[in-house]
Structures are given as C-alpha cells and as structure tokens.
Amino acid sequence: MPYAPEQIEPKWQDFWARNDIFRAEVDQTKQKYYVLDMFPYPSGAGLHVGHPLGYTATDIVSRYKRMKGFNVLHPMGWDSFGLPAERYAMRTGIHPAITTKENTDTFRAQIQRLGFSYDWSRELATTSPDFVRWTQWIFLKLVENNLAYQAEVAVNWCPAQSTVLSNEEVKDGKYIETGDPVERRLMRQWMLKITAYAEKLLDDLDDLDWPDGIKAMQRNWIGQSHGAEISFAIEGSDAQVKVFTTRPDTLFGATYCVLAPEHPLVDAITRPEQREAVQTYVSETAKLSSFERSELNRDKTGAFTGAYAINPVNGAKTPIWVADYVTMDYGTGAVMAVPAHDTRDHEFARKFELPIIEVVTPEEGHDVQAEAWTGDGTLVNSSFLDGLDVDAAKAQVIEWLETEKAGQAKVTYRLRDWLFSRQRYWGEPIPIIHGEDGSYSTVPDQDLPLLPPKLEEYGPGPDGAPPLARATDWVQTTDPTTGKPGRRDLNTMPQWAGSCWYYLRFIDPNNDLAFVDTEKERYWMPVDLYVGGAEHAVLHLLYARFWHKVLYDLGLVSTAEPFQKLFNQGMILAHSYRDAQGRFYEPEKVEESSGKFYADGKELVQKIEKMSKSRFNVVNPDDVVREFGADSVRLYAMFMGPLEATKPWDTASIAGVRRFLNRVWRLVHDDDDNVDMARLTDEAPDAALNGQLQKMIAAVTSDIEELRFNTCVARLMEMTNTLTPMSRRPRFVIEQFILVLAPFAPHMAEELWGALGHETSIAYAPWPSVAEDALDAADAELKEYPIQINGKIRARVMAAPNLAGEDLLNVVKSDEKVAALLDQVTVLREIPIRDKLVNFVVKG
RNA sequence: GCGGGCGUGAUGGAAUGGUAGACAUAUCGGACUUAAAAUCCGAAGGGCUGACGCCCGUGUGGGUUCGAGUCCCACCGCCCGUACCA
C-alpha cells in the first residue's frame, strides 16, 4: 500500500490530542514564543481555503520554534458574535447561540483536519458567558476612566429594515444586503474616546515590526495634521468663528469664510434678509446621504449668510458662507478660504465670484486666477510675511497670532471617536443602568456577565427600538447601587469588542478572578507573531491597540503594544467562468479545448477573481483534504507563492506537492510498503550529498525565519529529487530531511520518524543545526565559472570551488578557449569574483 | 488626488548588484505495460542555423556600474486602501 494520508493523518491528529502534545504552560526556564492567528468568525459557509493559508504559516513557525527549544503558545478561538447568526435568527427564530455552536463545531473539525498544533485547552469564544463577563468588565474600566461617553451622533438608519446599520454594511448609501436606501439619523450612542490616544497610536507605530503598508494605512487613518487655529471676530456680534488651517501662511489671502451647514453659529449669525436662503440650503444638505454629499465631482454649493468675519491679521471684512464642502466633523467645522492657494476654495470662489488674492508667488506661467497654486513660493501681498518662504511664514504668522491672542499652533487628527453601540441582539449588552433622572450607573462586577435576555423574536423592537427593548422584564430593573428603579441600556457592543483583547485571554483562559493573571501576562506578552488578512489593517488592529494602551495605562498589562510583529497573508483568488450573458458556471462543468473554455456548448470567459458563492469558484478545504490529504494542502498553500502575495488557487497544481509526498514516502518505504532496509544505510554521506543537505537545512532555516515558505518547499523537493534515484541512502541524511520536513508536513514526518524506529513524537525533536565545515566541503570537486567579456558570457571554465583573485585568473586564463578569446583583444581590466565568475573588460 | 503594492516562459513562481527562468503545473518525447493509469528518465524563453554557434529577451525610455530583473530618474499598465480632512 502506498502513502495513504487518509489513514495516517487522523491517527496522528488523535495521538497529538490524546497526549496533549501541544499543551503550553508558563516555564521560566524556557524562552517563550507567542504565535497568533486572527481568529475566525465561524460563519455558516464553513472554512474557506484562505483560512488554512495563514494558519499553515503560523503552524510551521510554531512547530519550528518548538523544535528550536522555544516554549510556544499557539491558540485558536472564535470571534463568534456576528450579524449572520442574528439575521438567521430573525428569519427562523432559532437562537443565535445554537447556530453559532453548530458553526463553531464545523469550523473546529475542519481546522483540526489540517493538523494544526494548537493548544486546544485554551480554546475560547467571544460569546461564552465567561468571556463576555470580562469584555464588559474592560468596557466598564473605560467608563470609569472617562474614556466612554454618550452623545447624539448621526448613524446609518435603514427605514425599510427599521434598524441601524454599521458603516461596513452600507455602501453607496444603500444597505449592501437588500439595496434599501440608508439615511442619517441622530441617535444617542456610546462613544469611546480613541482620539485621546491618537498621538500614542501614531508614535508607537514606529517601533513595530509591521508591513510598511499597514503602518501607512494606520497613519493615514489617524491623519495627524499640523496647522493653526485662528479666531475671526464677527462684525456686529460678540461671537467669534474659529477656523483650522494647515496654511496659516496664506492668512492675508483669505477672502471669505465657510461654515459647515451643521455649525452651531449658522443660525446666530445669519442676517434676516439671508435667512430663508440659508435655511433652505441647510435643510437641502441635510437630506443628502453622506455618500451623495461626499461625491467628488459634485459642483460646489453654498449660501451667503450676510455676516462678515474680520481677518485678525489685517482687519479685512470677509463674507461668511455656509457650504457643505466643509464638514462639521473635521477641525472646527469652519474654514478660512484662500482661493488662490486651495483647489476647493478656488472652485467655490469661481462659482460664486469671490475675489482671489495671490499671496504666494507661483512658478513661472501659473496664474492663480485660473488655478490654485498649492506649492511652495515666496510670500507677497502679506505685510510682515513678504519675502519669506511658506515654512518660515507659517512659523512667523503663528508667533504673531499667539502674541495677539488671535490663534495658536494646533495639531488636528482625522481620527474620530469610536461609535461603540449597536442596536442588535447578538452582542455583549452594554452593562449600564439608566436612572429615571437621566443619570446612569454601571452594573457591579459581581453581576457580570450581563447576557442577552431570552427573546421570542430577534428583529427590531416597537418603534424601531433595539431588539433588547422587547425583553421588558429584563429592561426594567433596580439599580443595585441606589436601589432605585432603572432601565437597562438597550444597546450591544460591536463585533470588534471581543477581538480587542482575546489575545490576552488566551494566556489565561479559565481565570475566574481576573481577565488575565499578571504573572502569566508578563511571561507571554507581547504576541511575537500575528498573522491575518490585510482587511483588518485599520479597524481591528487600531481598536485592539487602543484597548491595549488603555489597559497599559491602568497598569493591567505590561506592554505598550500588543502585537510586535504583524504579517498579512495575501488573498486567494480562483478561476471563474462566465458566458456572454454574464452567467457563471461551476468549474466542474467547464471543458477546456485548445486554450478556450466551454460549457453547455457556449464559449466562456475565464477570469481570476475573488472567491464567492455567486461566482461558483469557492474552494472548500474539506474536499481538497479528502482528495489529497492535509499535508498536501498545507504544502500547496505554502508552495503557491509568497505568503503575502495575492494569488490564484489551482486545485490541479496540488498534484505536484502530492507527488512530492509520494516520493518522500518511497525514500523510506519499498514497493511492499516496508521500511526499505536495502537502500537505507548507516554509512556517512559523501561530501557532495552532505553539502547539499547542509545547504538545504541552512536555506530552510533562514527562509522560515523570514516567512518565505514557498522557497522552503522548493528546497525540500530538490533534496528529494537528489535522494530518489540513489540506490543507497544514508540514514543520517534521511532523518535530517524528515526533521526539516516536519513543520510543513507533520503527519508524514511523524509517520516516517516512527517507521525509522523513533519512539517519541518528532514535534520536540531538535531542529538540525548546520555543519558549516560541510558547507565548504560541499563542492569538493569542480565547479563551473562563467567567463564574461564586457559583461556577456562567452565561455565556461571548470575549476576548483572557492577560487578568488589571482588564483582564479590564472586558472581561467590558462583555459584554451578563454585564451583564444583574449588573444585578439586588449584586456583593460580583469574582475575576478570569488567563487562566482570572471569578467574581462576588453577593447578591440 | 493622496498612500501602499505589483509588472519575469503557456501557467504559479525563483534569483545577498554576479550563469535570468530554481521548484512546480500544463505540454511533448522515451522506458515499463497487451493497453491505460501510476511510476521512472528526458526535452522545452523567442528567433536564426544542418550543426558548432550567434542574436534578442524580466512593462517602456533613460541613467549609475566591469556587470542591472535587482539601484536611481521619468513614464505606461494593473491591484489594494482612502478621500471635498481645510
């Protein structure tokens, strides 16, 4: 019987589980290594081949680090609150907890079939009461420290579904599931003060070993900008309008001011004769969705208030307009407009015929009346700033403003506070009790967790109230601190809450006294390697960093950052097939013929796209495991290409790695499936074979450290290709090879390790070290040196390896062919490169 | 617009500034077989040539260098993120 993964894989998975092989405990004598995957939402669709990609990578690192002697923490759990289960409950009446449990069981079984070395004793789910308890406890820490507050904010309201939607569920002003329009509505919501951490979140990025792209996205999202806040007095009023600008140097070029339509001063300053026009404009704007309002190609619109602001620097009267190109949620909600040097102001000024005053000299031939000049230049028309460049003028004008008390330097962030309430059922209820007088108090620690109440129906409550409002008995309660009647908060937390701290709970998942034990936390944190998709680049990773920093400032965790090294696996795409009408076909129904594709007699177009049900191109890992085995799936996932690259899945190509594993099996087994004693020898390998082995070990070791698994697999294949035709195979080489194979194809490695007579699991066998002297001895005989003439290869010379300098030149020049080549020309320069090549620079 | 990334055979991809295409898929040829599958061995970037060989070749155009897929500049194309951010 040949290699049969369907038999050996379940056997070893069972062995690992029964013997707690991957159980991790604090051990101060060993160096720790914490490898974490972004835990999945257990959806009804089951695992997707994208999951095993990242999980295989972290599993290889975990197994490698264990063999290197590290104490490895490698846990898995479930981000199990989520909307699909709730929607399913609304349709069927089946409680989301039931659906969630079923899906989790499916996911767990699918993941276990791939042979990952998780410490399953640490499995957790964000929906479990024990976990919810501590999520709520941390939220209350935020409340206690004034980092959570309630405010009236605009939310996405979907009238057709009578529910609030998250930003992620809204695209182009419509609910992505049904296409129903979504409008803005003011509601009282819980907000988390993430803006208080904007600066730390930005600064601490510098020391993290994260991909530059992700750091850049976080920096962008936080959006720090340096400028000035400037106060403009309003003519005939005590009020002032404060504007934020990054170009205070252009203050002399301000020809009007603009308030956002929602700006609180709009009403107060609008002159009676303009009131009707302004009110009409403001209410028209309010009707627009945020999508319509932010459409880039929209014409500028606005209305004049009739009021004038006084430019503090020169006393100039500038008209105050209301326009929706200024939004209330950035800066101060008001701007000074400098049309000569800002493209948006320029466009507005041209439309409403407002003056354009040049204050920075543009480059030759640029006319600010025709187009704004936003580059550097020399200040003009600006009194005491004349002659300065932009940077000097900024500093100068800020100094002047501070002296005159008309403004000051100011740093503004794009980051907004985090809207933390959802009008949902399947989430952690916000543990707050509201008093009749409008005050609120927190649910005491000993009453946590506060779980979602039992409901008959999971849809929105009466009058569009959140679903929790249906549980009237639950809502009506007594405030345990005051003894007065109160009402529970009707909101739940967003799905992000659990993932903000789950990596801490993995360290100590069963602790009843604390969210994590201090000593264990000190031992295991920070996470040394965190692998997941780039779709969480901003939201999850920013939210988790925020919570972690709050916990750090409260002295509850020992590191300022949770995830030291981050790596993003690339997206996996797949072939899709569609006909001229745009209908998709399942790949099994497609036939290929001379490079074209057909189904039902129609010619199809093949495309590489994201996997999705509607395109019929989703690959289920279970099917692939059944057909090829888990080790093949793992190897293929790694062999496809660089981990971070977006790349297409091609099930046919798995045959290649399966063939490789078949060959590996036969390195040890004969045709009758017995250990092949005839070929396996106890002789030491010759220098060439040992050299290749050592090079392979060195290459795989450094490639694992750098997460370049695709080339690891290629190195393993090369070794096998060398060993396969050999009639005598040194046991030493075979065993070293199996050790290096172990992290990649652990079932195969355990099986062969056992077949060769080892009685303990290969999981903790020491990783082979590289014999440096064997590396040098590798090419004991001859190697080929390419000979270049003026950089082009003209000959090849066989000579001893590792030659350099004069030695190399002498050998090369004594070669007949080289001598002939050099005979006709004048050699200007000789460039011998040690162990590589020789280049002759010649003339004639 | 801004930020990040990517362009290499039929295909996935490899290559500390030093032999471009490792490794694999698909293809073709051979061995084994009554036959097929499996397995093993071999061929293969393009062009010219009977052959030895020669020329061209990593999106395009320049540059640095003895030598560039790799470094620098400009451009073209594609992907991802983000945007009236003052």
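Since we're looking at a predicted model, the values are computed, not measured. Just so we're on the same page: letters track the sequence lines, and every chain starts at 1.
Contact between the side-chain N/O atoms of A:Lys300 and the OP1/OP2 oxygens of B:A86 is not found at any separation under 4.0 Å. Look at A:Arg663 and you'll find a side-chain N or O under 4.0 angstrom from OP1 or OP2 of B:C40. Contact between the side-chain N/O atoms of A:Arg658 and the OP1/OP2 oxygens of B:U25 is not found at any separation under 4.0 Å. Here A:Ser225 reaches the OP1 or OP2 of B:A86: one of its side-chain N or O atoms lies under 4.0 Å away. For B:C2, the OP1/OP2 oxygens have no side-chain nitrogen or oxygen of A:Arg219 closer than 4.0 Å. Contact between the side-chain N/O atoms of A:Arg666 and the OP1/OP2 oxygens of B:C40 is found at a separation under 4.0 Å.
Taking the six-membered ring for Trp and thresholds of 30 and 60 degrees, A:Tyr3 and A:Trp665 have ring planes inclined between 30 and 60 degrees apart.
In this structure, A:Ile222 places its CD1 atom 15 Å from C1' of B:G81, rounding to the nearest Å. In this structure, A:Asp329 atom CG and B:C84 atom C1' are separated by 12 Å, rounded to whole Å. What separates CZ of A:Phe660 from P of B:A38 is a distance of 20 Å, to the nearest Å. Note: NE2 (A:His341) to P (B:A86) measures 17 Å, nearest angstrom. Separating the CG atom of A:Leu821 from the P atom of B:G53 is a distance of 12 Å, rounded to the nearest angstrom. As a whole-Å value, the separation of A:Leu661 CG from B:A38 P is 17 Å. We find that CG of A:Leu667 is positioned 11 Å from P of B:C40, with the value rounded to whole Å. Whole-Å rounding puts the A:Asn220 CG to B:G1 C1' distance at 12 Å.
Pair assignment for B:U34 gives none, since no Watson-Crick or G-U wobble pairing has each distance under 3.5 Å. Taking a pair to require two hydrogen-bonding distances under 3.5 Å in either a Watson-Crick or a G-U wobble arrangement, B:G57 remains unpaired. With both pairing distances under 3.5 Å, B:A68 is matched to nothing as a Watson-Crick or G-U wobble pair. Partner assigned to B:G1 is B:U82, using Watson-Crick or G-U wobble distances below 3.5 angstrom.
Ion pairing between a basic and an acidic side chain is recognised when a charged N comes within 4.0 Å of a carboxylate O; A:Asp249 and A:Arg247 show such pairing. Salt bridge annotation for A:Asp212-A:Lys215: absent, with no cationic side-chain nitrogen under 4.0 angstrom from a carboxylate oxygen. With respect to A:Lys813 and A:Glu830, a salt bridge is recorded, a charged nitrogen being found less than 4.0 Å from a carboxylate O.
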Quick tally for nucleotides 10-23 of chain B: nucleotides whose base has a protein heavy atom under 4.0 Å get B, sugar-phosphate-only ones S, the rest -, giving --BSSSB-BBS-BB
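The stretch residues 407-417 of chain A participates, sequence neighbours left out, in these salt bridge (Lys or Arg N to Asp or Glu O under 4.0 Å) pairs: A:Glu229-A:Lys410, A:Asp329-A:Arg416.
Atoms CD and OG1, from A:Glu718 and A:Thr722 in turn, are 7.5 Å apart once rounded to the nearest 0.5 Å.
Separating the P atom of B:U16 from that of B:A22 is a span of 15 Å, rounded to the nearest Å. For the P atoms, the distance from B:U49 to B:G12 is 31 Å, rounded to whole Å. Atom name C1', nucleotides B:U8 and B:C48: the rounded distance is 24 Å, in whole Å. B:G18 and B:U27 have their C1' atoms separated by 33 Å, given to the nearest Å.
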Could you go through A:Tyr325 and A:Asp345, starting from their C-alpha distance and side-chain angles, then the distance that decides it, and tell me whether this counts as side chain to side chain donor-acceptor pair (under 3.5 Å)?
CA-CA 9 Å; A:Tyr325 81 91; A:Asp345 296 344; 2.7 Å; yes
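Remark: the A:Tyr636 side chain and the A:Asp650 side chain contain no N/O donor-acceptor pair separated by less than 3.5 Å.
In terms of position along RNA chain B, the nucleotide closest to A:Lys817 lies nearer the 5' end than the nucleotide closest to the other residue of the pair A:Lys817 and A:Phe244.
With its glycosidic angle within 90° of 0, B:G9 is assigned syn.
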